[in-house]
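For this chain, numbers begin at 1 and follow the sequence in order.
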Amino acid sequence: MAGCCHHETAFDGNSKAFRRVLWTVLGLNGVMFAVELVAGVAAGSLALLADAGDFLGDTFTYAISLAVLGSALRVRAGAALFKAFTLAALGLFILGAALYRVFVLGTPDAMTMGTVGIVALLVNLFCALLLFRFRDGDANVRSVWLCSRNDAIGNGAVLLAASGVWASGTPWPDLAVGGLMGAIFLSSAVSILRQALGEWRRVDSGDQAGTPKGSSISEEKA
């Protein structure tokens, strides 16, 4: 997004097409959060609960993204910073839960993990396909894509965990996947944070590129 001597304006998400996609994935993620939360508790699966937390975080992220569409670059960058810290907190919580579960006996229900994991994977692949064309926008837009991508990765990991639990009869595959997902969330948080800080500095330096209202970049993906 940055040239040698100037900054190119990144897609800010202020288009009807992007709004429609955001409303769609927001609704789907909200429903799947409830489904995986219930299933995770019933199955005693850290991987499912971690993925439910990811759905909740994504629902929150999409809602914030919708709220700041059409706002100034500083507002959008500030929203992305907030989402980065929220994603990092979620990742740390999942890692902490994985460490705690090491000292707790009990093996999760592999059948429930696998069934719910397949449904969640299909939902997230659909969301990722909808958002793929918007993956290279500003920090606020890109955070939406990263959340969707993380969901698809996480669901694939849950299925691997379910297979491992079924084959081994132990909770270790579930714990390993929960920890891996926490690490992925932290990595995404760092990526969003770096881009959002760069956009924040552009505002401080007087570069207001990216102001959405009336800009052509807002409509190019309509």
Side-chain angles (χ1 to χ4, degrees), residues 18 20-63 65-66 83 86-88 90-91 93-95 97-98 101 107-136 141-189 191-192:
F18 188 63
R20 286 194 299 268
V21 169
L22 268 185
W23 277 113
T24 300
V25 297
L26 188 154
L28 289 173
N29 276 262
V31 171
M32 287 308 302
F33 159 68
V35 170
E36 286 205 322
L37 178 63
V38 173
V41 172
S45 169
L46 176 63
L48 277 180
L49 290 175
D51 204 41
D54 190 22
F55 272 119
L56 177 61
D58 288 350
T59 302
F60 188 52
T61 293
Y62 301 148
S65 297
L66 277 167
K83 288 185 286 185
T86 301
L87 194 59
L90 178 61
F93 173 78
I94 293 172
L95 289 175
R101 278 286 303 275
T107 302
D109 182 2
M111 184 63 68
T112 301
M113 289 176 64
T115 302
V116 177
I118 290 173
V119 175
L121 177 60
L122 293 175
V123 170
N124 279 317
L125 285 176
F126 177 69
C127 292
L129 286 173
L130 290 177
L131 290 165
F132 184 76
R133 61 186 289 223
F134 303 107
R135 67 192 182 281
D136 294 324
V141 173
R142 187 162 178 266
S143 68
V144 172
W145 157 249
L146 287 176
C147 285
S148 178
R149 183 205 65 180
N150 286 352
D151 275 348
I153 293 174
N155 292 140
V158 167
L159 292 179
L160 288 177
S163 300
V165 169
W166 177 80
S168 67
T170 70
W172 292 106
D174 181 60
L175 296 174
V177 166
L180 176 62
M181 290 171 65
I184 291 174
F185 298 158
L186 288 176
S187 175
S188 295
S191 177
I192 296 169

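A pairwise comparison of heavy atoms in Ala152 and Leu125 identifies CB-CD2, 4.2 Å as the closest pair. Of all non-hydrogen atoms in Ala88 and Leu186, the two that sit nearest each other are O-CD2, 3.3 Å. Residues Val116 and Ala39 come closest through the heavy atom pair CG2-CB, 3.5 Å. In this structure, Pro173 and Gly164 approach most closely via the heavy-atom pair CG-C, 3.4 Å.
Panel note: side chain Thr115, backbone Met111; a donor-acceptor pair is recorded below 3.5 Å.
Residues Phe55 and Val31 have side chains not in contact (no heavy-atom distance under 4.5 Å, counting atoms from C-beta outward). Side-chain contact check for Val119 versus Glu36: every heavy-atom pair is 4.5 Å or farther apart. Phe126 has its side chain out of reach of Val25: every pair of non-hydrogen atoms, C-beta onward, lies at least 4.5 Å apart. Using a 4.5 Å cut-off on side-chain heavy atoms (C-beta onward), Phe134 and Leu22 make no contact.
Note: Leu130 CG to Arg20 CZ = 11.0 Å, rounded to the nearest 0.5 Å. Taking CG of Leu28 as the reference point, atom CG of Leu122 lies at 12.0 Å (rounded to 0.5 Å).
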